[in-house]
Amino acid sequence: MDGDFRSTFVREPGCLKHHPALVLNADYRPLSYYPLSLWPWQEAVKAAFLDRVDIVAEYDQTVRSPSMEIRIPSVVVLRDYVKPQKRVAFTRFNLFLRDEFTCQYCGTRGDLTFDHVVPRARGGVTSWENVVAACARCNLRKGSKSLRQAGMALRRPPRRPGAEELRNVGRKFPPGHVHETWIDFLYWDAELEA
């Protein structure tokens, strides 16, 4: 079966599935910036009904059941604080985020893959300290050679990022859609310019 099973079995007006709720931790910060912590409106309504969240802002649209009507939440705050993870998982996405979705050899964006700085064929390991984001062109050019043999240099040495560092990098990449009710909560902890 294609798609989300809820949209197959739940009768809903087409416009309502486009009303995600921004999810904030109990300290009023998003759980994550990139990807932005969003719930489908159905999950936000369910969490509000179960008293797991407080509704901070709402859309103009409403949903109805036989016994009640509720405005669709656009921003919800968790009642219980979720402690952010300190350890960052070594995933392709987090690697690209650490490197700001930029090739670490030529600086281009797009068509990214990853490259072992010390090639595995020469004993290099797959770790934060040895893998960087690279465009396909630079990856092919370097191949299984060392940086010196390939005549290439890194823009930044690879290293293990901290969770807070990765969250800060994620804030540089705003989502394609930001609802007006979210703006006050997305960048409120950013440093103000003097």
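Keep in mind that what you see is a predicted model, and the values were worked out from it rather than measured.
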Donor-acceptor pair, [X] side chain versus [Y] backbone, under 3.5 Å?
X    : Y    : result
Y59  : W41  : no
T62  : R71  : no
T102 : E100 : yes
D27  : R29  : yes
D54  : V77  : no
E43  : P40  : no

Any side-chain donor paired with an acceptor under 3.5 Å for [X] and [Y]?
X    : Y    : answer
E58  : S74  : no
H116 : T126 : yes
Y105 : D115 : yes

[X], [atom1] atom: more than 12 neighbouring heavy atoms under 6.0 Å:
X    : atom1 : answer
F90  : CZ    : yes
R120 : CZ    : no
K46  : NZ    : no
R148 : CZ    : no
R137 : CZ    : no
R52  : CZ    : no

Looking at [atom1] of [X] and [atom2] of [Y], how far apart are the two atoms once the value is rounded to the nearest 0.5 Å?
X    : Y    : atom1 : atom2 : answer
F114 : N130 : CZ    : CG    : 11.0 Å
L112 : Q104 : CG    : CD    : 9.0 Å
L97  : L166 : CG    : CG    : 4.0 Å
L31  : L78  : CG    : CG    : 5.5 Å
I72  : D60  : CD1   : CG    : 10.0 Å
M152 : C138 : CE    : SG    : 4.0 Å

Heavy-atom pair of closest approach, residues [X] and [Y]:
X    : Y    : result
D99  : A133 : OD2-N, 2.8 Å
G162 : V88  : C-CG2, 3.6 Å
R141 : G151 : NH2-O, 3.5 Å
V53  : A48  : CG2-N, 3.5 Å

Between R64 and E69, does any NZ, NE, NH1 or NH2 come within less than 4.0 Å of an OD or OE carboxylate oxygen?
yes

Residues R160 and E165 bridged, charged N to O under 4.0 Å
no

